[in-house]
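Just so you know, residue 1 is the first one in the sequence shown, and it goes up from there.
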Amino acid sequence: MSAADGTQVWSWRRTWAQSVAGPRRLVIAAALLVASFAGLWLLYKVQPLPMSDIVVYRAEGEAALTGGDLYGFTVTKWELPATYPPFAAFLFIPTTWLSLSTLKVAGVLVNAALLALLIHLSCKAVGLGKAAHAAPTLLTGTALGLWIEPVFQTFVFGQINLALTCLVLWDLTRPDGARLKGFATGIAAGVKLTPALFAVYLLVTGRVKAACTALAGFAVSVLLGLLVLPEASVEFWTRRMFETGRVGKAWIVDNQSLQGLLARVLHDPEPGVLWVAPTLLTAMAGLYAARRVYLRRGLDTWGVLCTAVTALLVSPISWSHHWVWCVPLLAALAAHTRGVARRRALLAVVTVVFTARTMWVLPHEGELDLRYSWWQQPLAAPYAVLGLALLAALVWWTRGAAGASGPSEARHSHSDEPGKRTLAGGKPHEPGKACQSGKPPESEKLPESGKPPESAKAHESGRVPPARAARETDTRSRTS
C-alpha cells in the first residue's frame, strides 16, 4: 500500500475506528503484553540476563570515542572481543552516554519497540494490511513473539538483530523504483557483513540499480569508518574479518549455520573443505530459489526471505539469535493458511521449531556438542535443517510456474518483468508512469462514497480461496 493509491490512509482510518469501537481487544492485548514482560522480569530475578553483547557494543563505542585499540580489548567473564567493522563502533558511541544498567533497560525497551515494528513490516510485506495497522494485533504479536527462541535470545544478549532485520525488510519490500532502494541494506551490511547477500539477490533478479545502490551504501559505511577510525579500518578489512574464531566456536549448538551442522555431524571442530563445498552449493541453490520465486511467482517477499535463510546458512557462524528472520517467515506462512489445513499444519510445525529450543535440551557442556549420535543431530541444528528444507520446498513449489501469485500478496506482487507491479486484473503497472498525475490508477480508486468496493473488501480480508485464485489466473492465461 502506498500513499499514492490512497489505500494506506484508508487502512489506518479503518483500523483506528475499529480499535476505538471495540476497545476490549485492545485492553486484552495490552494486558497480555504487560504479562509477557512481567514474566521476563521475573525470569531476570531468578536468572539475571547477561546482556553481554550490549557490554561489547559499549566498549566498542568507548574505543571509537577515545581512540583506543578497537580489536585489542576483551570484556565480560567470557572475554568477548569486538567483531564488527569500525563503522559499527562509530554508531555505538551514543551507548557510552548512559550507565551500563540504564543501557540494559534501554536495550530491552528498544528491542520491544523493534519487535513490534518488525511484526508491522512483516504483515505489511505479505499483504496482511489490516493486521499490520491494528494495535491489538501488534501488541499481541509482540507479547507472544518475545518468547520465540531467536527473539528471546536477542533480548537476553542485548543484540541488534531486530534493528538490522527491520532496516533490510523495510528497504527491500519498498516498490521497485523507490528512491534509494538498497541503500539501507548496504548500510546494514556495513554493520554486519551478512546482509551483503541481499545485494546479490537484487542483482540476480534484474534490479541492477537497486543492487548498485546497496553497494554504494556499503561503500559509504566503509569510507566513513576509514575516515573516523583509519587504523582500525585497515586492521579489520585486511585481517580481523577473516578471523572467524574471534566470533566463537563454530561447532557448538549455538551456531545454527551449515558449518555448525557439518562440524557436529562429522565430529570435527574444523570441517575445512568439507564445509566450503556444501556452502558454495547452498549459496547458489538459495539464490537460484530466490530468483525463481521472484520471477516465476512474482513474490518478492518470499525472495527476500529465501535470501535471508541462505545468508544465515552460508555464514560461518549464525548464532540462534541471528534467526530473527523467523518473524517475517511466520507472517508469510500465516498469510496463506486461510482454508487450507495442511498450510496451517506447516505454520504450526515451523512455530514449534522456533520455540521448542531443542538445541538447549541436549547436553552441550564442554565438547559434548561433537559427540551427538545421528538422531540427536536434527535436534542440535533445527534452524539449519529447516532452512535447507525451506529452500528445497521453494524450488519444488516454483517448478513450471510463471506469473502466478498468491491471493494475499496480489497487491504487492511483481510481474515477470522486474520493475513492474501487477495490479488487479493482471495488468502490469510501472510506478513512475501510472501515478505521475498524483492520482491512483483506475483499478485502485475507491468509490466516491469513500468505502472500498466489495471486491476489494473480499481481497483485503483474504476471502478469495487460493484454489479459486489459481483457477482465475489459469483461465486468464489461456484466454490471453
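Nearest heavy atom pair, residue Glu60 against residue Ala89, reads O-CB, 3.8 Å. Between Asp53 and Gly158 the shortest heavy-atom distance is CB-O, 4.3 Å. When all heavy atoms are compared, the tightest approach of Thr282 to Thr310 is O-CG2, 3.9 Å. Looking at every heavy atom in both residues, Val253 comes nearest to His364 through CG2-CB, 3.9 Å. The two atoms that bring Ala290 and Cys306 nearest to each other are N-SG, 3.6 Å, heavy atoms only. Minimum heavy-atom separation, Leu128 to Ala331: CD1-O, 4.1 Å.
In this structure, the separation between CD on Gln159 and CD1 on Ile54 is 10.0 Å, given to the nearest 0.5 Å. Between atom CZ of residue Arg296 and atom CZ of residue Arg291 there is a gap of 9.0 Å, rounded to the nearest 0.5 Å. Taking CZ from Arg264 and CG from Asn255, the interatomic distance works out to 6.5 Å, rounded to the nearest 0.5 Å. Of the inter-residue distances, the one linking Leu329 atom CG with Leu390 atom CG reads 6.0 Å to the nearest 0.5 angstrom. Atom CG of residue Leu180 and atom OG1 of residue Thr185 lie 11.5 Å apart, to the nearest 0.5 angstrom. The CZ atom of Arg342 sits 12.0 Å away from the OG1 atom of Thr337 when rounded to the nearest 0.5 Å.
Relative orientation of the Phe155 and Phe37 rings is perpendicular, given thresholds of 30° and 60° on the angle between their planes. Ring geometry, Phe354 versus Trp323: the interplanar angle falls from 30° to 60°, so the pair is classed tilted.
Remark: the backbone N or O of Arg179 is paired with a side-chain donor or acceptor of Arg174 at under 3.5 angstrom. Put simply, the side chain of His321 never gets that close to the backbone of Pro150: no donor and acceptor are under 3.5 Å apart. For the pair Thr279 (side chain) and Trp275 (backbone), a donor-acceptor distance under 3.5 Å is present. Side-chain N or O atoms of Thr244 include none that pairs as donor or acceptor with a backbone N or O of Pro316 at under 3.5 Å. In terms of modelled atom types and a separation under 3.5 Å, the side chain of Thr205 and the main chain of Leu202 share a donor-acceptor contact. Of the possible donor and acceptor atoms, none in the side chain of Gln259 sits under 3.5 Å from a partner among the backbone N and O of Ile317. For the pair Asp300 (side chain) and Asp176 (backbone), a donor-acceptor distance under 3.5 Å is absent. For Gln256 (side chain) and Leu313 (main-chain N/O), no donor-acceptor pair under 3.5 Å exists by modelled atom type. The backbone N or O of Trp397 sits less than 3.5 Å from a side-chain atom of Arg297, completing a donor-acceptor pair.
Judged as a side chain to side chain donor-acceptor pair (under 3.5 Å), and not counting sequence neighbours, the contacts of Glu149 are Ser320, Trp360, Tyr383.
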Item to check | Test side chain to side chain contact (heavy atoms under 4.5 Å, CB included) applied to Tyr84 and Lys192, step by step | outcome: CA-CA 6 Å; Tyr84 292 171; Lys192 277 190 175 183; 2.7 Å; yes
Next on the checklist: Walk me through whether Leu164 and Ile160 qualify under side chain to side chain contact (heavy atoms under 4.5 Å, CB included).
Outcome noted: CA-CA 7 Å; Leu164 295 180; Ile160 59 172; 4.2 Å; yes
Next on the checklist: Could you go through Leu117 and Trp170, starting from their C-alpha distance and side-chain angles, then the distance that decides it, and tell me whether this counts as side chain to side chain contact (heavy atoms under 4.5 Å, CB included)?
Outcome noted: CA-CA 10 Å; Leu117 176 60; Trp170 166 80; over 6 Å; no
Next on the checklist: Evaluate Gln153 against Trp319 for side chain to side chain contact (heavy atoms under 4.5 Å, CB included), listing each step before the verdict.
Outcome noted: CA-CA 9 Å; Gln153 291 291 89; Trp319 303 131; over 6 Å; no
What side-chain donor-acceptor pairs closer than 3.5 Å can you find for residues 140-147, not counting sequence neighbours?
residue: Thr140; atom: OG1; partner: Pro136; partner atom: O; Å: 2.8
residue: Thr142; atom: OG1; partner: Leu138; partner atom: O; Å: 2.7
residue: Trp147; atom: NE1; partner: Ser36; partner atom: OG; Å: 2.8

Side-chain donor-acceptor contacts of residues 208-217 below 3.5 Å, not counting sequence neighbours, with atom names and distances?
residue: Thr213; atom: OG1; partner: Lys209; partner atom: O; Å: 2.8

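Within the 4.5 Å cutoff, the side chain of Thr173 has no heavy atoms near those of the Lys124 side chain. For the pair Leu139 and Leu26, the minimum side-chain heavy-atom distance is below 4.5 Å. In this structure, the side chains of Leu305 and Pro328 come closer than 4.5 Å at one or more pairs of heavy atoms. Contact annotation: the side chain of Thr301 never approaches that of Leu299 to less than 4.5 Å [non-hydrogen atoms, C-beta and beyond]. Here the side chains of Asp171 and Lys181 are in contact, with some heavy-atom distance below 4.5 Å. Put simply, the side chain of Arg25 reaches to within 4.5 Å of the side chain of Thr137, judged on heavy atoms. Residues Leu121 and Cys166 are in side-chain contact: their nearest non-hydrogen atoms beyond the backbone lie under 4.5 Å apart. Using a 4.5 Å cut-off on side-chain heavy atoms (C-beta onward), Val304 and Trp325 make contact.
Residues Tyr201 and Tyr294 have side chains that never bring a donor and an acceptor to within less than 3.5 angstrom of each other. For the residue pair Thr398 / Arg292, a side-chain donor-acceptor distance below 3.5 Å is found, with atom types taken as modelled.
When each of Leu169, Ile119, Leu162 is paired with Val327, the side chain to side chain contact (heavy atoms under 4.5 Å, CB included) condition holds for Ile119 and for no other. Each of Leu103, Val56, Val105, Val108 was scored for a side chain to side chain contact (heavy atoms under 4.5 Å, CB included) with Met51, with one residue passing: Val108.
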